[in-house]
Structure formats: C-alpha cells, structure tokens
Amino acid sequence: MGTSNDTILVTGGAGFIGSNFVLSLMNSGGAALVNLDLLTYAGNAANLASVANDPRYTFVRGDIGDAELVASLLRKHRPRAIVHFAAESHVDRSIVSPEAFVRTNVLGTFTLLEQARVYWAELDETGRAAFRFLHVSTDEVYGTLGPNDPAFSETTPYAPNSPYAASKAGSDHLARAYFHTFGLPVVTTNCSNNYGPFQFPEKLIPLVILNALEGKPLPVYGDGKNVRDWLFVEDHCAAIRRVLESGRPGETYNIGGNSERANIDVVTAICDLVDEMRPQAGAAPRRELITYVQDRPGHDRRYAIDARKITRELGWKPAEQFETGLRKTVRWYLENSEWVNSVRTGAYREWIEKNYAERAEL
Ligand code: NAD
Ligand code: DAU
C-alpha cells in the first residue's frame, strides 16, 4: 500500500521549534499536516491558533509513547514523512527530574521508530523509497568544547554530559540503528541553540527579556562566559525543510548559526535592546539587574557547530544575523504580552521558584 497523499506527521508541533515549523509549512501552502503533541507545560496549542481551522491541519493531543495511538494515526493519515520534534528539552529540568527525559526522549522515540518501521514495511516500493523519518536532535550530544577546539562536525564522537543530552544521544543511536538494521529512511539533524518567537520563557533569552522588562534580577550562571552558537528559529525550520526534501537517508546533518556568543554578552545585548524599546526616564540601565548565580552542575562550556556539510550538500545557510534576529525576538516578546501571560501559569511560577531559589547569588 502507498502513502495516500502528501501528509506529514509532526510530533511536538505545539512547542517552540515545532510551532514555528508548522506555521512555516502551512503558510507556504504546503502539505496536509497532523500534529501529535502531548501539550506538556512546554506545549501550547494557542501558538497554532492561526492555522487551527485550516482543513489541511489536524491536531491530536497524545503521547509519542502510546504505540496504539501512533499506529492508528499512521494507518489513518498515511503520511509520507514523520518530523519528530517532541521531547523534554530543558537541561535544568533534566537535572532536577531526569525520568521524564528518559521516558519521552528515549522510550517515546523508540515507540515512534518502531511504529514507523511497521507502517513503512507495509508500503509499496515507491512509498518506501519516498518515506522519511526526520529525527530532530541537538548539538549537546557532542559534549563540550575548549576555547580553541574545532566546532562539532558530524564525525565528532558523542559525549553527552547532562541527562537531557544523554537522553537525546540515546534517541539518536536508536534512530541510527533503525536505518542500519531495518533500512527505515531516517535522517537526523543536530542543531545548536535556537531563539525566536514562541520560546518558553524558562530558557535564557526569553527569560532575560521578560525579567528585564519587569525589573527583576537577570540570573547568569557561573562566570557568564559559557558560549552557545545561536540560530534564529526560522533558519532552523528552513534547514529542516531542506533536509526533509533532499537529505540522504542514514545521514546526519549539523545545523548552526555561526554565531558564537558568551552568555553575558547575550544578556547585556538584551538589556540594551529593552532599554531602547522600553525606555524608562531616570531609571538605571537594565544591565544593573544582572546577577551572577550558582552555576548549572556539569555546565558545558562551549558549543559550536561546523555546518559545512548541510551547506555543501543541500545549499542551506542561515539567513539571519544574531543581532537582527535578537532585535526581532525582543520586539516579539514585548508585543505579545497576552501570549506571555497565557504560558506563565502556576506550574511555570513553581519551576522558576524552584530553580532560582536554590541558586545562591555569587
Ligand atoms: P519544547 O520543549 O519547546 O517543545 C517540546 C514539545 O514536545 C512540546 O509541545 C511538548 O508538549 C511536546 N511533548 C513533550 N513530550 C511529549 C510526548 N511524550 N508526546 C508528545 N509530545 C510531547 O522544545 P523545542 O525547544 O521546541 O525543541 C524541539 C526539538 O528540537 C527537541 O527534540 C529538542 O531536543 C530539539 N532541539 C532544540 C533546540 C533549542 O534550542 N530549543 C536546539 C536543538 C535541538
Ligand atoms: O544547544 C542546543 C540546546 O540549546 C537544545 O538542545 C536545548 O533543548 C535548549 O534548551 C538549549 O540548551 P541550553 O542549556 O544551552 O539553553 P538554556 O537557554 O537553558 O541556556 C543557555 C545558556 O544560558 C546556558 O549556558 C545556561 C545559561 N543560563 C540559562 C538560564 C536558564 C543562564 O546563565 N541563566 C539562566 O537563567
């Protein structure tokens, strides 16, 4: 049996990157799309309000670890591809409560791969050749870099350091094994830090924008010199679309912004943008809110991505500069206070209280 149409099954499409991906695909007049999302604290169906009534869009609230549900969705919608974003994604939460990371990232991905394999095996030859399982992963699986080390490439050995990174590494290995053992056409992407609209405000950039706006302390872990390679989320979505259409099964592609920045530089840049966009006559500059706090245990020092393979093979490179992307992001959070209020629920406040109350000021 073949895939019946051009449908794509997206998992985790109500989260930060997933919503941006769903919106970009739907707004470009793309295929029918089924979004399977459990709506954990990080998922928000309201992100997708603008496409909710589009006949090409179907939302299903459910767990990727529910084999029966996944099998029935595959049987019903007969997608030509699965794009797998669903995960527990916050390193600090994986330090406080790692179990959910193993459950969703390892076991959930296993269930999805297994059900995909059963579905794929029953497709006709054309359907099997065209099918793709795109596994969205992270650069954190490679561990940490010294200041002069070369950036992570697709051949860098795995050395995950947090429970989050280890669970993503486990899922990458399963994805790889399903290609090598069963021939399932899996492609994996390993991307650096994303930023942009709809990011849940427990991650560094949105947290600092909102705290700066509200005159609250801006918590910087350790000495603030940890380095991340920042990529605007729309560039990540464009890369995933390139990989979906032209990536080679069994391959992995590193995706990065070529924008390494120390955390303290990111935080001061946000302070200056908020000062500019929301000036407060006579008030101290927001930089004065910066507060160094106790470091994250096992905090990776530096990430950097060598994205030459995806550029060479698929012609992708980031379109946005960090400074312009950050400006757009700050503006988005300032203009979307309704969205911000809707995601900062009681559970959010509890997390913020737990994570920062226990961090002594340095
Ligand atoms: P997110 O935490 O914002 O969203 C995760 C989504 O998955 C949420 O909508 C949540 O409800 C859903 N989800 C969680 N558990 C689920 C389950 N068991 N079944 C179904 N849905 C479930 O995450 P994000 O930042 O958008 O990241 C998306 C993917 O990209 C993740 O796999 C992450 O590892 C990867 N990634 C993220 C970044 C980044 O900087 N944010 C960078 C590289 C890779
Ligand atoms: O590298 C890709 C990864 O980037 C993704 O796989 C993860 O899903 C995503 O959450 C992100 O992980 P980080 O741990 O790098 O992101 P986070 O925004 O939590 O932190 C960015 C940096 O800022 C990191 O060095 C820790 C630091 N930090 C973070 C917070 C929340 C602070 O200094 N203060 C803070 O309050």
Q: Which is it for H135 and V83 under the side chain to side chain contact (heavy atoms under 4.5 Å, CB included) test, yes or no, and what are the steps along the way?
A: CA-CA 6 Å; H135 173 57; V83 182; over 6 Å; no
Q: W339 vs N44, test: side chain to side chain contact (heavy atoms under 4.5 Å, CB included). Steps then yes/no.
A: CA-CA 10 Å; W339 181 89; N44 187 355; 3.5 Å; yes
Q: Evaluate the ring planes of F152 and Y303, with Trp represented by its six-membered ring, and classify them as parallel (under 30°), tilted (30 to 60°) or perpendicular (over 60°).
A: tilted
Q: Answer yes or no: is there a side-chain heavy-atom contact under 4.5 Å between L289 and C271?
A: no
Q: With salt bridge (Lys or Arg N to Asp or Glu O under 4.0 Å) as the rule and sequence neighbours excluded, what pairs involving residues 344-362 come up?
A: D92-R359, E214-R344
Q: Scan T156, T252, D172 and name whichever one has a side-chain hydrogen bond (donor to acceptor under 3.5 Å, both in side chains) with N190.
A: D172
Q: If you group Ile, Leu, Val, Met, Phe, Trp and Tyr by side-chain heavy-atom gaps below 4.5 Å, do L107 and L73 land in one group?
A: no
Q: Okay, side chain of D63, backbone of L38: is any donor-acceptor separation there less than 3.5 Å?
A: no
Q: Could you grab the distance from atom CD1 of I82 to atom CG of L244, nearest 0.5 Å is fine?
A: 11.5 Å
Q: What pair of heavy atoms forms the shortest contact from L231 to G257, and how long is it?
A: CD1-CA, 3.6 Å
Q: R128 and A121: which non-hydrogen atoms are nearest, and at how many Å?
A: NH1-O, 3.7 Å
Q: Are R261 and W230 in a cation-pi setup, meaning NZ or CZ lies under 6.0 angstrom from the ring centre and within 45 degrees of the ring axis?
A: no
Q: With clusters defined by side-chain heavy atoms of hydrophobic residues (ILVMFWY) lying less than 4.5 Å apart, directly or transitively, does I95 cluster with Y348?
A: no
Q: Is there a side-chain contact between V266 and Y195 (heavy atoms, below 4.5 Å)?
A: no
Q: Going by side chain to side chain contact (heavy atoms under 4.5 Å, CB included), I310 matches just one of N254, I305, V243, T189. Which one?
A: V243
Q: Is it true that F133 and V141 fall in one hydrophobic cluster, defined by side-chain heavy atoms closer than 4.5 Å?
A: no
Q: Could you tell me the separation between the SG atom of C237 and the CZ atom of R242, rounded to the nearest 0.5 Å?
A: 14.5 Å
Q: How far apart are the C-alpha atoms of I352 and L207, what are their side-chain angles, what is the distance that settles it, and do they pass the side chain to side chain contact (heavy atoms under 4.5 Å, CB included) test?
A: CA-CA 10 Å; I352 294 292; L207 177 88; 3.8 Å; yes
Q: For L25 and R241, work out which heavy atoms get closest and say how close.
A: CD1-NE, 3.6 Å
Q: Report yes if some heavy atom in the side chain of N211 is under 4.5 Å from a heavy atom in the side chain of P201; otherwise report no.
A: no
Q: CD1/I209 to CG/L218 distance, rounded to the nearest 0.5 angstrom?
A: 11.0 Å
Q: Are the side chain of T109 and the backbone N or O of V106 linked by a donor-acceptor pair below 3.5 Å?
A: no
Q: T11 and H84: side-chain hydrogen bond (donor to acceptor under 3.5 Å, both in side chains), yes or no, with the steps?
A: CA-CA 5 Å; T11 72; H84 174 36; 2.7 Å; yes
Q: Using distance alone, with no hydrogens and no angle criterion, decide if D306 and S153 have a side-chain donor and acceptor under 3.5 Å apart.
A: no
Q: Within the side chain of T311, is there an N or O that forms a donor-acceptor pair under 3.5 Å with the backbone of W316?
A: yes
Q: For the residue pair Y158 and H173, does the interplanar ring angle fall in the parallel (under 30°), tilted (30 to 60°) or perpendicular (over 60°) class?
A: tilted
Q: Which pair of non-hydrogen atoms, one from S89 and one from F101, has the smallest distance, and what is that distance?
A: N-CE2, 3.9 Å
Q: I'd like to know if the side chain of N27 reaches the main chain of L23, judged simply by a donor and an acceptor atom lying under 3.5 Å from each other, with no hydrogens or angles considered.
A: yes
Q: Is a donor on one side and an acceptor on the other found under 3.5 Å between the side chain of N161 and the backbone of G298?
A: no
Q: Mark yes when over 12 heavy atoms from residues, nucleotides or ligands other than R301 sit less than 6.0 Å from its CZ; otherwise mark no.
A: yes
Q: With under 30° as parallel and over 60° as perpendicular, where do the rings of Y356 and Y221 fit, or are they tilted in between?
A: tilted
Q: With under 30° as parallel and over 60° as perpendicular, where do the rings of Y178 and F182 fit, or are they tilted in between?
A: tilted
Q: Keeping the roles fixed (side chain from D66, backbone from G62), state whether a donor-acceptor pair exists under 3.5 Å.
A: no
Q: Return the orientation label for the F85 and F21 ring planes: parallel under 30°, perpendicular over 60°, tilted otherwise.
A: tilted
Q: Contact between E88 and R103 at the side-chain level, heavy atoms closer than 4.5 Å - yes or no?
A: no
Q: Strictly below 4.0 Å, N to O, side chains only: are E320 and K328 in salt-bridge contact?
A: yes
Q: Between NZ of K317 and CG of N258, what distance do you get to the nearest 0.5 Å?
A: 11.0 Å
Q: Would you give the length of the straight line joining atom OH of Y333 to atom CZ of F198, rounded to the nearest 0.5 angstrom?
A: 9.0 Å
Q: Just wondering, do R78 and L123 contact through their side chains at under 4.5 Å, heavy atoms?
A: yes
Q: Is the backbone N or O of N47 less than 3.5 Å from a side-chain atom of S19, with the two atoms forming a donor-acceptor pair by type?
A: no
Q: Do we see a donor-acceptor contact under 3.5 Å between the side chains of N35 and Y57?
A: yes
Q: Taking all non-hydrogen atoms of both residues into account, name the closest pair between G13 and D37 and its distance.
A: N-OD2, 3.4 Å
Q: Is there side-chain contact between P185 and F179, with at least one heavy-atom pair below 4.5 Å?
A: no
Q: Heavy-atom distance under 4.5 Å between the side chains of I64 and L69, does that happen here?
A: no
Q: Say whether, by atom type as modelled, one donor and one acceptor occur between the side chain of D275 and the main chain of R286 under 3.5 angstrom.
A: yes
Q: Does the ring of Y253 carry K309 above it, NZ/CZ under 6.0 angstrom from centre and within 45° of its axis?
A: yes
Q: Stepwise, does the salt bridge (charged side-chain N to carboxylate O under 4.0 Å, His left out) test hold for R132 with E245?
A: CA-CA 9 Å; R132 293 290 179 274; E245 298 319 325; over 6 Å; no
Q: Applying the 4.5 Å side-chain criterion to the ILVMFWY set and letting contacts propagate, would I290 and L362 be lumped into a single cluster?
A: yes
Q: In terms of side-chain heavy atoms, does T58 have a donor or acceptor partner in H77 at a distance below 3.5 Å?
A: no
Q: Tell me whether V22 is reachable from F200 by hopping between hydrophobic residues (I, L, V, M, F, W, Y) whose side-chain heavy atoms are closer than 4.5 Å.
A: yes
Q: Assess the residue pair Y41 and H90 against the criterion (side chain to side chain contact (heavy atoms under 4.5 Å, CB included)); give the C-alpha distance rounded to whole Å, side-chain angles, the decisive distance to 0.1 Å, and a yes or no.
A: CA-CA 11 Å; Y41 77 94; H90 189 188; 4.0 Å; yes
Q: If you measure from OG1 on T7 to CZ on R80, what distance do you get to the nearest 0.5 Å?
A: 9.0 Å
Q: Please confirm whether the backbone N or O of E338 pairs with a side-chain atom of N341, one donor and one acceptor, at under 3.5 Å?
A: no
Q: If you compare all heavy atoms of R302 against all heavy atoms of P147, which two are closest, and at what distance to 0.1 Å?
A: NH1-O, 3.3 Å
Q: Is it the case that atom CD in E323 sees more than 12 heavy atoms from other parts of the structure closer than 6.0 Å?
A: yes
Q: Between S94 and Y164, is there a donor-acceptor pair closer than 3.5 Å when you use the side chain of the first and the backbone of the second?
A: yes
